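Worksheet: the structure to be examined is printed underneath.
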Amino acid sequence: MTVPKKILEEILRYGAMAPSGDNCQPWDFKMDGDSLLIINNESRDRSLFNVSKTASFIACGALIENISIAGKALGYSVEETKLFPDGDSAPVVARINFRKSTKKGIDLFPFLDKRCTNRSPFKGKPLEKTTVNRLKTITKDRGYGELTLREDRATIKKIAKVASINDRLLFTNKRLHDFLFEHIRWTKKEIEETRDGMDINTLGLFPVEKQGFGMLRSWPLVRFMNIFGLSRTLPIRSSMIFKSSSAFGLLQMPGKSPKDFVNGGRALQRIWLTATAEGLSFQPTTGITFLIQRLYMEDGKGLSPSEKKIVEAAETRLKELFPTTRDKAIIMLFRIGKSGPPKAYSLRRKVSIK
Ligand SMILES: Cc1cc2nc3c(=O)[nH]c(=O)nc-3n(C[C@H](O)[C@H](O)[C@H](O)COP(=O)(O)O)c2cc1C
């Protein structure tokens, strides 16, 4: 059925509050008769992390979950979601049909605009048992997805080290470096004009670090500083922050088709929203898992031989810490814990329906 334009725009405004790699918001919206099409706009995420478009598929999955939650709350439930109706390699990720629902369901709706990425240090306190149970039942209720939580301090320390390897590669690999800095928004004007990318204030930098970070925009300077060990010292900082978490989680799907990544994104969004509802802060620490998947889904393309060795070593260590194999899709490695709110929230582009 047709959803009135104003309501559909409101549903999509909530939908687009979903997370995406570097806040690139890879989705476009189009109407086809009464159906809403979610289209992956490939030009938005050309990052090395977006291995075979999987990061975009995860983001679209989170968007679809938000649409389903917001639709229900605004009186138009999702009747049917068909993933990749034109085939797995076509740009249409989903065709969604709505039906008017008399009974409005609140579900996780109050948390759509509260969910965010928090990159500051957490308090490291153990998680409540009830919280752990709530998080673990999500994948069970869905009937898909595999969530592993690691809560003991020694393991958290080891995972923090593996996850922080990503920050080394961000400063040895020009493509990774350039993509990151192209997506940082430095001024209020830039933040409000683009409404995408990452506001510098969301990066969790301490005031003294902010200025130095600006200098790292220059690739020649980064290369020069690498002679003195820059890329080796940066992970020490992130590892310290990651260690302050109450738990790390790894969400996986049993298969690796585009549909698995979209459904994985839906499960991820429910986990993230539930963590938010439980008063927890959440940060994806998953750059390294995408680079690991790059090794075998794209033959390591874009990584130098020495970078491949670093990523291979990270994969070996990750396998010692989580039950993961190359047959599974890693949707996300993340950390959770209590902390204050982030210094800033990232914006979203205005919704436009073609
Ligand atoms: C697939 C995916 C991968 C991400 N990877 C990381 C990551 O490795 N580190 C990080 O700090 N944030 C990561 N993010 C979070 C995004 O940067 C964040 O969602 C985006 O900037 C929007 O901000 P928000 O989550 O606060 O709304 C990731 C998000 C997605 C969907």
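Predicted model only: the values in this text are computed from it and were never measured. Atoms within each ligand, like the ligands themselves, are counted from 1 in listed order.
- Taking a cut-off of under 4.0 Å to the non-hydrogen atoms of Gln283, the atoms of ligand 1 that pass are 10 (C), 11 (O).
- Between Phe206 and Phe213, the distance separating the two ring centers is not shorter than 6.0 angstrom.
- With respect to atom 1 (C) of ligand 1, the closest heavy atom belonging to the protein is Phe290 CZ, 3.9 Å.
- Electrostatic pairing of Glu182 and Arg46 does not count as a salt bridge here, judged by no charged N lying under 4.0 Å from a carboxylate O.
- The shortest distance between side-chain heavy atoms of Met332 and Ile271 does not fall below 4.5 Å.
- The shortest N or O to N or O distance between Gly287 and ligand 1 is below 3.5 Å.
- Ranking protein heavy atoms by distance to atom 2 (C) of ligand 1, first place goes to Met332 CE, 3.6 Å.
- Nearest protein heavy-atom contact of atom 22 (C) of ligand 1 is Ser346 OG, 3.4 Å.
- Partner of Thr117 under the side chain to side chain contact (heavy atoms under 4.5 Å, CB included) criterion, chosen from Tyr345, Trp272, Phe282: Trp272.
- In terms of polar-atom proximity, Pro284 is counted as a contact of ligand 1, with an N or O under 3.5 Å from an N or O of the ligand.
- Here the side chains of Asp199 and Leu347 are not in contact, with every heavy-atom distance at 4.5 Å or above.
- A salt bridge between Lys5 and Glu9 is present, with a side-chain N of the basic residue lying under 4.0 Å from a carboxylate O of the acidic one.
- Residue contacts with ligand 1, taken as heavy atom pairs separated by less than 4.0 Å, do not involve Thr202 at all.
- Looking at Ser20 against ligand 1, only its backbone comes within 4.0 Å, counting heavy atoms.
- In this structure, Lys338 is not positioned above the aromatic face of Phe122 in the sense of NZ or CZ being under 6.0 Å from the six-membered ring centre and within 45° of the axis.
- For ligand 1, the polar-atom distance check finds an N/O of Thr286 within less than 3.5 Å of one of the ligand's N/O atoms.
- Ranking the protein heavy atoms by distance from atom 25 (O) of ligand 1 puts Thr117 OG1, 2.7 Å first.
- Using a distance-only test at 3.5 Å, with no hydrogens or angles considered, no donor-acceptor pair links the side chain of His183 to the main chain of Asp196.
- For ligand 1, none of its N or O atoms has an N or O atom of Thr285 under 3.5 Å away.
- When non-hydrogen atoms are compared, ligand 1 lies under 4.0 Å from neither the backbone nor the side chain of His183.
- Looking only at protein heavy atoms, the nearest one to atom 17 (O) of ligand 1 is Arg119 NH2, 3.0 Å.
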